[in-house]
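Below is one structure; the comments refer to it alone.
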Number of protein chains: 2
Amino acid sequence: MSQSVEKQSGKTRIQREKREQILQAALEVFAAHGFRGSTLDQIADAAKMSKPNLLYYYSRKEDIHQTLIARLMDTWLAPLKTLNANGEPVEEICAYINRKLEMARDFPRESRLFANEILQGAPHIIEMIEGELKTLVDEKAKVIEGWMDEGQLNSCDPRHLLFAIWATTQHYADFDVQVRAVLGTDKGDESRFEDAKEFLENLFCKGLKVR
Amino acid sequence: MSQSVEKQSGKTRIQREKREQILQAALEVFAAHGFRGSTLDQIADAAKMSKPNLLYYYSRKEDIHQTLIARLMDTWLAPLKTLNANGEPVEEICAYINRKLEMARDFPRESRLFANEILQGAPHIIEMIEGELKTLVDEKAKVIEGWMDEGQLNSCDPRHLLFAIWATTQHYADFDVQVRAVLGTDKGDESRFEDAKEFLENLFCKGLKVR
DNA sequence: CTAATATTTTATCAATTGGTCAAAAACTGG
DNA sequence: CCAGTTTTTGACCAATTGATAAAATATTAG
């Protein structure tokens, strides 16, 4: 009778471990096939346990997905949140781009999970998109507009600027197969992120910097 | 006994019409849920016919998908193909961006179908990506590099430039839900593509133009 | 109109799906 | 070791899935 915490993720060590095992497996599968395209058998397989055993930890397929999405959204919004209104504008934006690019490199499955969700109309996160995300973007857009009004940045639509940053950075995770194919196998495997970093800094900062 | 053409899409008027009906419905469904996430019932429903009736025209689910993908790839590569080595560099690239943006606006379902396919590892089009697409990109990358060598463009990695163009333009189709949510409902529904056009021309051409 | 053909429907199938249940097995503290 | 609990398993289920067969209907050519 060791029910100290009820709602939280796990009371025993083994529960925490197995739940994490399942989440990792599910992340892989959902990122590759979307929610509807993924099966519990696939996830159970990837998690190296039987389907009923898996369902002992998460009693519904949607619960696993929800857990993953919820966990993702925290880390997803973090980089934009740290954009500092008091910092040097071009530096702040460059740092943001780099952070996003690092996320595409280090968490490609999370990026694809998110992409899948949005592609399919964001059924599970639409309120968060229209709520928390929109609020955050509105706030940061104002910061960027402020910089532009002060003449510290060339002016442009800050929301479309954010779209462009999201699109270009996440592209390296979401369209990974295509990126690899186009770049070919000759180049070192990880050099593409260094090249992308250089290219994107150049693209965004040359256009934004006052000259 | 009117078997003039065997392999081609349809001999009778009604067959051509119904097949087209099915493809349109399937495009909608596949774009929204991916291949594995889509069901024949959904497609049959959207095409307003019974499932067996649908299977009379396309005897397998994969056949429908293959047909859509094949048809898509033609139109998908077309814009890059028309990039003219003898044109004015910045103009050529700007025109390419606009063409891609128009495709995102006018064929969002095709864009999402493609995005879904790549996200899921491009199982059905990997050879074409590694073959035709790579060849085309190699060729055009050389053209762009040529312009840079001649001093007509600021130099940068042409392949990453193409990635950035693809990512930013397709973003407006693939992440439509998010774009709409972030921009809010106040603005006119179609103005976002005009704003995007202005923003992207600015972003890419300011950075590329020699100054 | 009629006969051949093309289309649609009805009924059905086996496989896969998300999910349940109770029993077995493994682990826990005492 | 033992009783109580947690974890795992195997046997199932109803619903959905992609697909088939054959009968019924519509269309078309002569």
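Below, chains carry the letters A, B, ... as their sequence lines are ordered, and counting in each starts from 1.
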**Request:** Look at A:Ser50 and D:dT9 and indicate whether a side-chain polar atom (N or O) is within less than 4.0 Å of OP1 or OP2.
**Result:** yes
**Request:** Please report the shortest heavy-atom distance between B:Ala164 and B:Thr168, naming the atom on each side.
**Result:** O-OG1, 2.7 Å
**Message:** Quick check on D:dT9: is either OP1 or OP2 less than 4.0 Å from any side-chain nitrogen or oxygen of A:Asn53?
**Reply:** yes
Nucleotide N/O of nucleotides 19-23 of chain C paired with protein N/O under 3.5 Å:
{"from": "C:dG19", "atom 1": "OP2", "to": "A:Lys61", "atom 2": "N", "distance (Å)": "2.8"}

**Item:** Side-chain N or O of A:Tyr57 closer than 4.0 Å to phosphate OP1/OP2 of D:dT8
**Value:** yes
**Message:** Of the listed nucleotides (C:dT17, D:dG18, D:dT7), which one gets closest to any side-chain atom of A:Gln15?
**Reply:** D:dT7
**Request:** Find out whether the Lys NZ or Arg CZ of A:Arg19 is both under 6.0 angstrom from the six-membered ring centre of A:Tyr58 and within 45° of the ring's axis.
**Result:** yes
**Request:** Let me know, please, whether A:Tyr56 or A:Arg36 comes out on the 5' side of the other along DNA chain D by nearest nucleotide.
**Result:** A:Tyr56
**Fill in**
Taken in chain and number order and not counting sequence neighbours, the residues that satisfy ring pair (Phe, Tyr, Trp, His ring centres under 6.0 Å) with B:Trp76 are B:Phe114
**Request:** Using atom CD1 of B:Ile43 as one end and atom C1' of D:dT16 as the other, report the distance to the nearest whole Å.
**Result:** 15 Å
**Closest non-hydrogen atom pair, B:His33 against B:Ser38** = CB-OG, 3.6 Å
**Rounded distance [0.5 Å steps], CZ in A:Arg180 versus OG1 in A:Thr185** = 11.0 Å
**All ring pair (Phe, Tyr, Trp, His ring centres under 6.0 Å) counterparts of A:Phe30, not counting sequence neighbours** = A:Phe35, A:His65
With a cut-off of 3.5 Å and sequence neighbours excluded, list every side-chain donor-acceptor pair involving residues 119-130 of chain A.
{"from": "A:His124", "atom 1": "ND1", "to": "A:Glu117", "atom 2": "OE1", "distance (Å)": "3.3"}
{"from": "A:His124", "atom 1": "ND1", "to": "A:Glu117", "atom 2": "OE2", "distance (Å)": "3.1"}

**Asked** Sequence neighbours excluded, which residues qualify as ring pair (Phe, Tyr, Trp, His ring centres under 6.0 Å) partners of A:Trp166?
**Response** A:Phe163
**Request:** Name every residue in residues 21-33 of chain A that has at least one heavy atom under 4.0 Å from any atom of DNA chain D, in order of residue number, or write none if there are no such residues.
**Result:** none
